[in-house]
Amino acid sequence: MKYSIRIEKSTSSRLSQIDFNNIPFGRTFSDHLFAADYKNGEWTDLRIVPFEPFLIHPGSMVLHYGQSIFEGMKASKNQDGQAMLLRPEMHARRFNLSAARMSMPDVPEALFLQALHAIVSIDSDWIPPQEGSALYLRPLMFANDEFIGVHSSENYRFLIMTGPVGPYYPKPIRLWAERQYVRAVKGGTGEAKAAGNYAGSLLPAKLAAQKGFDQVMWMDAHEFKYIQEAGTMNIFFVIDGKVVTPATDGAILKGITRDSILHILKDKGYTVEERPVSIDEIIAAYYAGTLQEAFGTGTAAIVSHIAEIGSDELLMQLPPIDQRPVGELIKSEINGLRSGRIVDTRGWVVPVDGGRWTVDDGR
Ligand code: COI
């Protein structure tokens with residue numbers, strides 16, 4: 001099914017003000033925004049409009065009860081200047097899993113993908129050319145009933161905003177093993193990309209920053225023993241040549257970059273284990289000299305090396321970056337797929353297709 005999208009083009013592009021060699025993460029927004037409103041059980045008024053603030057009613061339920069989900073994706077260009085997406089349908093599916101958990105309506109996969117292709121086509125000049133930089137895509141859905149009572153909203157807004165980005169963490173990070181606060185518990189909302197998960201992480205992150213750490217390493221909610229995630233990323237360790245990552249258990253976000261990394265490493269012959277990983281195992285490996293690498297992964301960060309892990313008992317200092325072949329390989333593979341330097345043999349790279357995904361001009 002092809003949806004009809006009304007397009008109102010911006011009359012004055014802000015692109016000339018952007019220095020692609022110096023783009024801080026998340027502060028720059030491209031010229032256009034995709035929006036749609038869910039009313040009476042269907043998505044209506046699909047539109048691409050100039051990017052600008054919009055009005056929201058003070059009673060809008062999202063402001064009160066936080067019924068809001070999002071995705072993080074990237075568009076890049078290959079050497080021929082073709083705009084490309086990586087595994088967009090995985091993001092569409094995860095968006096709807098998040099929607100289901102938060103009692104929100106589905107965005108049909110075809111609508112999600114068509115909107116993505118349309119907005120990226122329109123703002124494709126905003127895709128930074130350098131490998132490692134990208135156009136970050138932020139699909140977002142929020143509850144929009146004007147009502148001060150707790151129920152699932154009946155009205156929602158779905159948006160896709162985009163903006164050029166450089167690296168999320170420009171240097172290796174220091175993690176604090178968090179044993180006071182938790183991010184998620186099985187049965188909670190940890191598997192969803194729900195706004196509230198991030199809100200709840202801010203105080204622990206602030207307290208960790210006061211101790212000199214960049215982010216927290218989340219632990220399980222029952223024993224504070226099993227490692228879950230690193231800040232806003234999934235986490236991997238290399239122990240004695242084996243790659244180990246916590247198995248998703250209902251409290252850990254099912255990262256799409258995490259999934260890509262597992263495929264890439266298995267294809268390259270690495271031993272990869274998805275299983276519970278305790279802090280005790282990491283400390284034992286550290287003392288045995290077999291803790292070789294640790295890194296966080298996510299769409300925004302791709303791979304972010306972990307320089308140190310601190311806890312009440314000790315500070316683990318990990319090897320320097322030039323001794324981290326696995327993390328560096330992964331970073332190069334994912335950036336290479338995005339830039340076309342590495343040939344995609346898995347059908348993950350999807351060209352932004354102005355033909356298949358042509359949108360109605362609306363004028
Ligand atoms: C991403 O990795 O894209 C994320 O969604 C993390 C984010 C909160 C910046």
Side-chain angles (χ1 to χ4, degrees), residues 23-30 66 68-76 84-99 101-102 112 116 119-120 127-128 132-142 158-171 173 175 183-184 189-206 208-209 214-218 228-236 245-246 248 251-262 295-306 327 330-331 334-335 337-338 348:
I23 23 179
F25 188 93
R27 296 207 179 273
T28 309
F29 298 91
S30 320
S68 171
I69 58 165
F70 67 93
E71 270 301 312
M73 311 179 58
K74 281 177 174 167
S76 51
M84 305 187 306
L85 302 168
L86 195 63
R87 310 186 79 186
E89 65 303 324
M90 293 279 285
H91 288 274
R93 281 177 217 145
R94 187 173 66 181
F95 193 70
N96 282 329
L97 289 174
S98 299
R101 176 63 186 86
M102 302 308 288
F112 186 99
L116 266 184
I119 190 83
V120 176
I127 302 176
S133 297
L135 187 69
Y136 190 76
L137 317 175
R138 173 48 62 87
L140 172 82
M141 189 204 319
F142 62 86
F158 170 49
L159 303 173
I160 305 178
M161 62 198 91
T162 76
V165 293
Y168 190 68
Y169 291 111
K171 58 182 183 48
I173 56 169
L175 284 188
R183 174 185 173 276
T189 59
E191 248 186 22
K193 232 169 146 52
N197 292 340
Y198 296 80
S201 76
L202 298 176
L203 175 66
K206 184 156 82 181
D214 300 295
Q215 262 301 347
V216 299
M217 183 167 80
W218 298 109
Q228 293 184 329
E229 295 190 20
T232 60
M233 300 177 286
N234 291 117
I235 191 165
F236 284 76
T245 190
T248 54
I252 295 176
L253 186 81
K254 289 189 173 156
I256 293 163
T257 306
R258 175 186 180 279
D259 183 76
S260 302
I261 291 173
L262 291 172
F295 52 89
T297 68
T299 301
I302 308 176
V303 167
S304 178
H305 290 293
I306 297 166
I330 286 301
K331 199 189 286 187
I334 293 191
N335 281 333
L337 284 170
R338 287 194 181 284
W348 288 352

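Numbering of ligands and ligand atoms starts at 1, following listing order.
With respect to R94, the side chain to side chain contact (heavy atoms under 4.5 Å, CB included) criterion is satisfied by exactly one of E71, E191, E89: E71. The side chain to side chain contact (heavy atoms under 4.5 Å, CB included) test with K74 is passed by exactly one of L135, L86, V165: V165.
Side-chain contact between T299 and R87 is absent, with no heavy-atom pair separated by less than 4.5 Å. Under the 4.5 Å side-chain criterion, counting only non-hydrogen atoms from C-beta, T232 is in contact with Y169.
Using cut-offs of 30° and 60° for the angle between ring planes, the F95 and F112 rings count as tilted.
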Would you tabulate the polar-atom pairs, meaning N/O of ligand 1 against N/O of the protein, with distances under 3.5 Å, reported to 0.1 Å?
unit_1, atom_1, unit_2, atom_2, d
ligand 1, 2 (O), T299, N, 3.2
ligand 1, 2 (O), A300, N, 2.9
ligand 1, 3 (O), Y136, OH, 2.5
ligand 1, 3 (O), A300, N, 3.3
ligand 1, 5 (O), Y136, OH, 3.4
ligand 1, 5 (O), K193, NZ, 2.7

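In summary, the side chains of T162 and S30 do present a donor paired with an acceptor at a separation below 3.5 Å, with no hydrogens or angles considered.
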